[in-house]
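Just so you know, these numbers use all the heavy atoms, side chains as well, and skip hydrogens, waters and symmetry mates. Every chain is numbered from 1 and lettered A, B, ... according to where its sequence line falls, protein lines coming before strand lines.
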Protein chains: 2
Amino acid sequence: MKKYIKVRDKLKKQIQLGEFKVGDLLPSEHTLCRTFSITRTTARKALDELLKEGFIEKQHGKGSVVIERRQSLGLLSVKGFSEAVGENVRTTFLQKPKVDNWSDEIFSKINSSDSRAQCVSFERVRFVGDFPVMIGKNWFNGNIIPGITETEFVEGSFFKTLSNRYLIEVTGSSSELRAEAASERVAKLLKIETGTPILHISLKFKTSNPKLAIYSELHCNTSKFPIGSSYFM
Amino acid sequence: MKKYIKVRDKLKKQIQLGEFKVGDLLPSEHTLCRTFSITRTTARKALDELLKEGFIEKQHGKGSVVIERRQSLGLLSVKGFSEAVGENVRTTFLQKPKVDNWSDEIFSKINSSDSRAQCVSFERVRFVGDFPVMIGKNWFNGNIIPGITETEFVEGSFFKTLSNRYLIEVTGSSSELRAEAASERVAKLLKIETGTPILHISLKFKTSNPKLAIYSELHCNTSKFPIGSSYFM
DNA sequence: TAGTGGTCTAGACCACGGT
DNA sequence: CCGTGGTCTAGACCACTAG
């Protein structure tokens, strides 16, 4: 298995468990080299991933400092909801994965191979506490991940299910963001007034399987939990 | 000067000038090594930057392919407006850079050193064609970049001015996104109805000068030009 | 099979931060 | 001054794509 993934996940777990707290310095790159028997290239690659995911910031001459993760919906652009927000999150299905049609709700350009394939979709509402925050509907080529309609998600996460059961990793995403007035349906589900401004996010995920793209349309009530994102070079 | 920056900018320019078109393969990593007399580490670093900036995608076994840049406001999280959108963009000042107070409009947490320093702010409206798309107000510590109140921006870009005149580069950003109803003032400036949903983006930029952070509050009409962003691992 | 990108090793020198 | 991260060299082996 890839070494930098192992190092990255070890450190990530230590941060999540509080062994490294906000403001703490992670072991230096040279220390990581010794403890994991790797070279600096590999150590730096692991730290770069933590940087991209918003766990640390690097300070030239000092080290890698654990930083506060946004108390918002987190690095939305990277992975799914459950990885981003932390605890106190609940999800309910409006529609479990089932064979469906490619909907014209999908804003992203659909890969030509997808449009000829069988479409599977599912739809969920996400809560933080008792507060409905987001409605998300997802579409993908069902031929690529057979049996998904009968599978229970691993820890409630679609992306974890992809990773654990099908060995498919999300490798990137592109998105478009729009502020819109909530439709009647969306408003009802988010328990807000029809016409309230909501954030509409159209996402297309790329995965390690080039044949599998995941299309998502999200409708978010950002009044209490804004969407956060960060970018470091 | 850094070699990977030189290679990155050379390739970027070739893409922008159309020497490499959408769908074209960039020179392979080994070829770049030979033509620039660099090692693969450096060649890959240059390509990784183009990947992050959304110019290319990499295909294992094939090469680096030039991809279409979003015809939207682009990689918002990276740099300024003018770098992202392309031509046909116009900017007018509502308020040229001047000494101001730290406003409570600023959503991001202000660095403690900033709150004791002199604040400079400016505010602009951005147009695509004749269509007002975004209002942006920016605040920063005026002591760090003296003379900015008397300077004309380089090519109309604040970030280019920072880079060329003060040798300060933007190194990262974090942001929060909210859908809101347009206030009377915002609506008037964007030529829309008061209460129309708009996208409110609170940004904090980090720069290569650790003492300089830039705080931005943007209000965007996303109806014709959605905000785009992408992320690749 | 040849060429591509992905991972990794084992070093080197430099710039920056704090002592 | 020493330890830190930033850049770079000169290789190696592997996995993937395509002819």
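Classification of the A/Phe122-A/Phe93 ring pair by plane angle, with boundaries at 30° and 60°, yields tilted.
If you check every strand for non-hydrogen atoms under 4.0 Å, B/Ile38 touches sugar and phosphate atoms only. Contact annotation for B/Ser28: backbone-only contact, meaning every heavy-atom pair under 4.0 Å involves sugar-phosphate atoms and none involves a base.
The NZ-P distance, from A/Lys58 to C/dA15, rounds to 18 Å in whole Å. The distance from atom NZ of B/Lys45 to atom P of C/dG5 is 18 Å, rounded to the nearest whole Å. The nearest whole Å value for the distance from the CG atom in B/Asp48 to the C1' atom in C/dG5 is 11 Å.
Map A/Ser37 and A/Arg40 each onto its nearest nucleotide of DNA chain C; the residue landing nearer the 5' end is A/Ser37. Between B/Pro27 and A/Thr41, the residue anchored closer to the 5' end of DNA chain C is B/Pro27, taking for each the nucleotide with the nearest heavy atom.
Within a 6.0 Å sphere centred on CD of B/Glu152, heavy atoms belonging to other residues, nucleotides or ligands number 12 at most.
A salt bridge is absent between B/Asp9 and B/Lys2; no separation between the charged side-chain nitrogens and carboxylate oxygens falls under 4.0 Å. Under the 4.0 Å criterion applied to side-chain N and carboxylate O atoms, A/Asp48 and A/Arg8 are not assigned as salt-bridge partners. In this structure, B/Lys62 does not pair ionically with B/Glu57, as no charged nitrogen and carboxylate oxygen lie closer than 4.0 Å.
For an aromatic pair to be called close, the ring centres must be under 6.0 Å apart, and A/Phe158 with A/Phe140 satisfies this. Side-chain rings of A/Phe205 and A/Phe159 approach one another, their centers coming within less than 6.0 Å.
The two residues B/Arg124 and B/Asn138 make their nearest non-hydrogen contact at NH2-ND2, 4.4 Å.
No side-chain N or O of B/Glu123 forms a donor-acceptor pair with one of B/Gln95 less than 3.5 Å apart.
Checking side-chain atoms of B/Gln59 against main-chain N and O of B/Ser64 turns up no donor-acceptor pair under 3.5 Å.
A heavy-atom distance below 4.5 Å is not found between the side chains of B/Phe55 and B/Leu26.
Protein chain B contacts DNA chain D over a range whose 5' and 3' limits, counting nucleotides with an atom under 4.0 angstrom from a non-hydrogen atom, are D/dT7 to D/dA18.
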Given the rule that a pair is Watson-Crick or G-U wobble with both distances under 3.5 Å, how would you write DNA chain D in dot-bracket, using | for pairs to a different strand? ||||||||||||||||||.

Under 3.5 Å between N/O atoms: give me all the protein pairs with nucleotides 16-19 of chain C, atom names plus distance.
none

